[in-house]
Protein chains: 2
Amino acid sequence: MNEISPKRGPETRQHLLEFAAQSVLAKGFAATSIDELIAAVGITKSGFFYHFKNKNELARALLQRYIDDEEALLDDLFRRGDELHEDPLHGFLVGLKMFAEMMQDLPNGHPGCLVASYCYQENLFDRDVRELNTEAVLQWRQRFRERFDLIAERYPPKIPVDFDALADMVSVLVDGGIIISKVLRDKEVLPKQIMLLRDYVRVIFLGT
Amino acid sequence: MNEISPKRGPETRQHLLEFAAQSVLAKGFAATSIDELIAAVGITKSGFFYHFKNKNELARALLQRYIDDEEALLDDLFRRGDELHEDPLHGFLVGLKMFAEMMQDLPNGHPGCLVASYCYQENLFDRDVRELNTEAVLQWRQRFRERFDLIAERYPPKIPVDFDALADMVSVLVDGGIIISKVLRDKEVLPKQIMLLRDYVRVIFLGT
DNA sequence: GCAGTAGTGTACCATAGGTATAGTTAATCG
DNA sequence: CGATTAACTATACCTATGGTACACTACTGC
């Protein structure tokens with residue numbers, strides 16, 4: 001009657017993380033109970049504490065997984081954009097378009113951003129989790145900042161722009177777009193915002 | 001030893017709401033305990049349930065208060081902008097600038113948006129609270145949509161733009177900007193995003 | 001002196017997070 | 001083959017918290 005096997009460890013952990021992520025995005029971290037997680041995955045409370053020494057460790061693992069996934073996604077996206085264009089501007093514009101299409105093709109819209117979720121519950125977490133969150137946003141800033149610097153070498157901006165602010169605008173539009181999409185239950189909002197950003201970037205570097 | 005007086009009712013309620021808003025924005029609604037609220041305000045649990053028949057009623061009152069405050073703020077802001085300019089475009093640009101300045105002058109940055117907070121904990125709330133949230137966002141859309149229609153009568157856009165999406169962009173940038181500001185603990189992010197939006201609006205209707 | 005407002009006091013219950021400890025099963029490695 | 005390790009189960013227990021219910025009270029204005 002017991003189906004455990006040493007091989008299934010990482011698999012169980014993954015299930016826990018998946019289910020926890022869903023629950024956290026739906027009702028927040030505090031309201032996500034260990035009991036419901038273990039019920040969903042089919043293990044006992046002891047099993048849970050075998051995988052995570054406490055709830056904060058779960059929070060940490062959740063966030064780390066989310067950040068890694070998003071980073072891989074963006075890497076892939078803009079690498080593919082650049083493969084289609086020598087030019088850093090047009091490669092970026094293609095990447096943004098693919099990003100918008102990807103967001104549009106999500107069947108139920110974007111499930112939510114853990115960084116944003118944690119941000120509105122920051123007092124629940126240890127310092128290290130909060131710092132992880134901060135670093136994630138700074139990485140996005142750096143990624144896009146570098147891209148805009150590269151673009152500006154070839155295309156001097158037609159409008160004076162603070163590139164750090166413009167780089168942050170990507171994170172801002174994604175996080176804000178997810179929220180407005182969710183609240184309106186309209187999955188088109190997020191991709192439309194990304195396309196607006198794309199138009200803005202184009203007009204900054206190419207003019208009207 | 002008892003200092004209660006019938007006059008202090010609304011005052012106590014306001015204190016509860018204020019403290020609850022702070023706490024909800026810091027750790028989420030579920031983790032905001034009634035016990036801490038009554039401890040902060042100095043009443044008993046029964047006293048709390050005299051003011052709010054349950055926790056969901058508190059959520060509702062909090063959100064309603066937040067929405068009303070924000071609406072009044074925007075009304076005032078753009079009315080003042082329009083007083084300085086006959087022109088709907090330049091009045092709006094002035095309003096946006098004042099908005100950015102106002103956000104910059106907040107000593108500790110924006111405390112957070114309840115709509116966004118609730119959005120990431122929606123399963124905790126009744127249908128009516130969620131609908132209140134949706135309506136709030138739709139009101140912002142309508143407000144700015146109307147403004148852009150008005151502007152477009154005099155200034156045909158130099159770039160093709162979906163005005164509903166552009167109207168949503170205000171909410172998106174504010175909510176996203178608050179999040180990135182909070183996560184980076186940099187209160188400049190939000191005002192800078194508003195100024196970026198301002199530049200965008202200008203370039204759309206006036207060109208580079 | 002009575003109604004209404006703004007509470008207090010007490011009792012109660014289910015659930016949650018967390019700790020501790022001992023035992024079990026199945027694969028793996030030497 | 002035997003020992004070790006990974007991945008759990010079982011049981012028990014503790015404290016805090018959210019939330020509900022209901023009876024009672026003190027002050028205030030009319």
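Just so it is clear, the values below take in all heavy atoms, side chains as well, and ignore hydrogens, waters and symmetry mates. Per chain, numbering begins at 1; letters A, B, ... match sequence-line order.
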Original post:
So do B:N133 and B:V137 actually touch side chain to side chain, heavy atoms under 4.5 Å?
Top reply: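 When only atoms from C-beta onward are counted, B:N133 and B:V137 do not touch, as no gap falls below 4.5 Å.
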**OP:** Using a 4.0 Å heavy-atom cut-off across all strands, classify A:K45 as base, sugar-phosphate, or nothing.
**Re:**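 Counting heavy atoms under 4.0 Å across all strands, the contact made by A:K45 includes a base.
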Tell me yes or no: between the side chains of [X] and [Y], is some donor less than 3.5 Å from an acceptor?
X	Y	result
B:T134	A:R185	yes
A:T32	A:E36	no
A:Q142	A:E146	yes

**OP:** Using the closest heavy atom to pick a nucleotide of DNA chain C for each, name whichever of A:D35 or A:F49 lands nearer the 5' end.
**Re:**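 It is A:D35 whose nearest nucleotide is closer to the 5' end.
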Give the rounded distance in Å between these two atoms: [atom1] of [X] and [atom2] of [N].
X	N	atom1	atom2	answer
A:N56	C:dT19	CG	P	12 Å
B:I43	C:dT8	CD1	P	6 Å
A:K27	C:dA16	NZ	P	9 Å
A:E11	D:dA6	CD	C1'	14 Å
B:I38	C:dT8	CD1	P	9 Å
B:L124	D:dG19	CG	C1'	15 Å
A:F52	C:dT19	CZ	C1'	19 Å
A:H15	D:dC8	NE2	P	11 Å

Please determine, for the side chain of [X], which listed nucleotide ([options]) has the closest atom?
X	options	value
A:S46	C:dG18, D:dT20, D:dA10	D:dA10
B:I34	C:dT8, D:dG19, C:dG7	D:dG19
B:Y50	D:dA10, C:dT5, C:dG9	C:dT5

Original post:
5'-most contact on DNA chain D: A:G42 or B:E36, nearest heavy atom basis?
Top reply: A:G42
**OP:** Verify, without hydrogens or angle tests, whether A:E122 (side chain) and A:Y118 (backbone) share a donor-acceptor contact under 3.5 angstrom.
**Re:** no
Original post:
According to a strict under-4.0 Å criterion, is A:S33 in side-chain N/O contact with OP1 or OP2 of C:dA16?
Top reply: yes
Original post:
Would you say a side-chain N or O of B:H51 is under 4.0 Å from OP1 or OP2 of C:dG7?
Top reply: yes
**OP:** Identify the heavy atoms of B:K182 and A:Y120 that sit nearest to each other, and give their distance.
**Re:** CE-CE2, 4.3 Å
Original post:
Between B:K45 and B:I38, what is the shortest heavy-atom contact and its length?
Top reply: N-CD1, 3.5 Å
Original post:
Please, what dot-bracket string fits DNA chain D when only Watson-Crick and G-U pairs with both distances under 3.5 Å count, crossing ones use [ ] and pairs to another strand use |?
Top reply: ||||||||||||||||||||||||||||||
